[in-house]
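Reminder, nothing fancy here: chain letters follow the sequence lines and each chain counts from 1.
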Amino acid sequence: MHGEYRYEPKNGFMKWLDSRLPIMRLLDESVLQFPTPKNLNYWFTFGGILTFMLAVQIVTGIVLAMHYVPQETMAFDSVEHIMRDVNYGWLLRYAHSNGASMFFVAVYVHIFRGLYYGSYKAPREVLWILGVIIYLLMMATGFLGYTLPWGQMSFWGATVITNFFSAIPVVGDAVTQWLWGSFAVDNSTLQRFFSLHYLLPFVIAGVVVLHIWALHVPGNNNPLGIDVKGPQDTVPFHPYYTVKDGFALAVFVLFFAALVFFAPNLLGNPDNFVPANRLVTPMHIVPEWYYLPFYAILRSVPSKLLGVILLFGGILVWAFLPWLDTSYVRSARFRPIFRQLFWVFGVVCIGLGWCGAQTPDHVIVDLGPNMTAINAAVDHATKAGKTPEEIAAVQKSAEASERVTFAVVDLSRILTIAYFAFFFPGLFLLGWVETPLPLPESISKAVLGTRGGAASGGRPLEQRG
Amino acid sequence: MRRISLAAVGLLLGITVAFADGQKEPEPQTWSWNGVFGHFDPVQLQRGYQVYKEVCSACHSMRLMAFRNLGDPGGPGFSEAQVKALAATVQVADLDDKGEPTTRPGIAADRFPSPFPNEKAARAANGGALPPDLTVITEAREGGADYVHALLLGYSDPPADMKGKMMPGMNYNPYFLNGQIAMPAPLSTDGQVTYAEGQPAATKAQMAKDVVAFLSWAAEPKMQERKTMGIKVIAFLFVLSLLLYAAYKQLWRDVDH
């Protein structure tokens with residue numbers, strides 16, 4: 001979206017440069033003066049926060065790579081060397097490991113903001129799909145990075161995740177061995193994971209450039225979800241949003257710093273302080289918190305192949321959101337039913353995350369003895385001609401073991417169905433049956449409406465940035 | 001503080017600090033290094049080092065610790081001369097000028113010597129069990145310092161329901177997984193270690209506290225530096241946020257939005 005503004009080179013050198021490489025024009029028109037809706041709230045500051053976090057991860061990661069050794073007998077010790085002997089190595093490493101968590105916190109807010117305000121709808125479909133690609137790349141990068149310290153959870157996490165690929169029919173084992181570079185997760189795997197972990201952030205940076213390019217064609221969505229009608233609806237990005245994003249970023253970094261300096265291992269797993277050992281399997285293999293909902297989806301089905309399909313389907317379904325959602329109204333503010341479904345969906349995702357952190361057979365509710373199974377055991381014993389004492393013993397042991405329970409795996413199944421049902425048929429049908437509230441005529445009209453007391457259509461702004 | 005925030009985030013993320021069935025949850029202790037302003041007590045770390053050296057190091061390595069670390073800021077605070085003297089008490093394998101294997105007294109840059117040359121030797125000497133390396137032990141166990149403390153003092157006779165289940169050579173300790181641990185009670189009597197003049201009496205409880213302090217420091221020797229810097233960073237970011245908020249309010253004052 002290009003406003004009236006055009007860059008004018010200020011002096012002879014700038015004119016000379018502008019006719020050869022219009023980089024200052026690009027910076028001025030696409031960043032500094034870029035017309036941005038004036039009603040963006042704080043949920044819209046997370047794009048800037050994410051760019052910052054990507055930079056933090058790349059900068060800390062490059063320095064960490066100067067000290068890290070991607071070799072199976074030395075990797076664990078080299079990480080401890082960073083923690084102990086490298087100047088401010090502990091800071092770099094804690095910033096990098098907790099930075100990954102904060103990066104995911106920000107991306108989840110960013111995604112759910114896009115969902116709430118309908119930022120995936122025309123004309124922003126490509127922008128949205130690029131976002132899903134970035135998210136997939138982030139997940140891959142985070143996973144690869146988590147293997148590098150070569151602790152127990154690194155090793156076994158890598159083993160579990162790479163084993164997904166063995167579920168592929170016919171070529172599964174070959175593909176898995178190709179990924180490992182070996183017949184099991186070992187030194188070859190670690191070395192290639194390190195190489196790819198260094199590569200992917202730059203791929204992410206490249207896709208982020210495309211993402212911002214695709215953003216700058218239609219311009220920002222906004223909390224009202226209506227199009228910008230003219231200059232009265234916008235402000236230049238700088239200084240209005242550089243300062244607002246800057247404030248939001250400072251608050252975000254405050255939380256980041258609290259984690260790094262005062263609870264750096266809060267989100268870690270103690271098992272990763274035990275060097276990788278292929279002979280000892282940890283009791284409870286859990287991935288990092290940001291994968292937990294998908295881990296729960298994976299484990300909710302007994303078939304490995306179906307589990308893997310659902311896991312990847314659970315991510316890829318987001319890319320189809322622009323077409324699964326049939327409503328022409330973008331913002332949830334004007335979609336009374338969608339707004340409620342949105343929160344239900346949020347609870348479903350958090351519920352899946354909780355399930356992912358538990359063991360699948362963990363009993364949530366014990367509903368009492370399973371009489372059918374107990375009676376069957378007693379019948380069987382009776383028919384086998386056992387003595388009354390033996391039958392009583394069979395009954396006693398059956399009563400102890402045969403219970404009707406509602407376990408984590410049962411909850412995971414319900415939530416997995418709810419997760420997919422939200423997209424289809426949920427959003428698909430909702431667009432046809434929901435009656436949206438009247439939309440405001442323009443952003444500036446809606447703003448003046450709240451100021452003047454009389455709403456000019458639609459709901460008054462709940463949040464004024 | 002850490003516990004409360006841990007519980008809060010745990011609730012939020014649905015991650016519960018998981019102690020398996022048949023494993024007793026350690027009682028939380030008040031450690032001097034807990035909390036935002038917490039710090040290690042150098043004298044306690046020195047006592048803890050003494051307990052490690054005289055008791056634990058008979059079976060447990062701390063292979064990533066070097067003698068020089070004992071003089072690092074935020075640690076036990078031994079003087080340079082003391083560090084050299086402590087290092088010189090051990091013999092370290094080396095090569096002489098002719099390339100022949102020899103031993104020499106340790107120097108500050110040497111790592112703590114390991115009690116066994118390799119894992120097989122360690123297992124053979126300990127009834128098949130491997131004494132874990134203690135460098136990062138308080139980070140490597142659920143419950144951290146509280147767990148190690150509870151384990152050290154948790155030995156007792158097996159209760160009635162465990163009596164028949166004890167495997168030969170195993171000791172009962174309810175804080176260990178399944179209640180059976182190969183390590184016999186390492187702190188068996190008061191006064192097992194002789195502390196210097198003017199130090200608290202070397203009771204089992206005191207020795208356990210001291211050695212856990214030492215192990216916690218060894219697991220994260222830069223903790224002091226981290227917390228000191230953290231307070232400054234948080235203060236800076238807080239002021240920065242206020243200034244940016246004021247700038248934002250000022251800038252948007254005349255914009256209807």
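With respect to chain B, the highest number of heavy-atom pairs below 4.5 Å among A:E80, A:Q152, A:R84 belongs to A:R84. Looking only at heavy-atom pairs under 4.5 Å with chain A, the residue among B:T138, B:L242, B:I234 that has the most is B:I234. Listed options A:D85, A:N272, A:D77 were ranked by heavy-atom pairs under 4.5 angstrom with chain B; first place goes to A:D77.
Heavy atoms closer than 4.5 Å to chain A are found nowhere in B:A66, neither backbone nor side chain. Contact of B:A218 with chain A is made through the backbone alone, with heavy-atom distances under 4.5 Å. B:I137 does not touch chain A: none of its heavy atoms, backbone or side chain, sits under 4.5 Å away. With a 4.5 Å cut-off on non-hydrogen atoms, A:L254 touches chain B through its backbone and its side chain both. For a residue to count as touching a neighbouring chain, one of its non-hydrogen atoms must lie under 4.5 Å from one of that chain's; by this rule B:T135 touches chain A with backbone and side chain alike. With a 4.5 Å cut-off on non-hydrogen atoms, A:V235 touches chain B through its side chain but not through its backbone. For A:V260, the part lying under 4.5 angstrom from a heavy atom of chain B is the backbone only.
Side chains of A:D245 and A:T45: no donor on one and acceptor on the other come within 3.5 Å.
A side chain to side chain donor-acceptor pair (under 3.5 Å) with B:Y175 is found for one member of B:E27, B:R141, B:Q23 and no other, namely B:E27.
Taking the six-membered ring for Trp and thresholds of 30 and 60 degrees, A:W289 and A:F104 have ring planes more than 60 degrees apart, a perpendicular arrangement. Aromatic ring orientation, A:F261 versus A:W90: perpendicular (interplanar angle above 60°, classes split at 30° and 60°).
Stacking of B:K84 on the aromatic ring of B:F78 is not recorded, the 6.0 Å distance cut-off and the 45° axial limit not both being met.
In this structure, B:W252 has its ring center under 6.0 Å from that of A:Y241. If you look at A:W150 and A:F76, their ring centroids are not closer than 6.0 Å.
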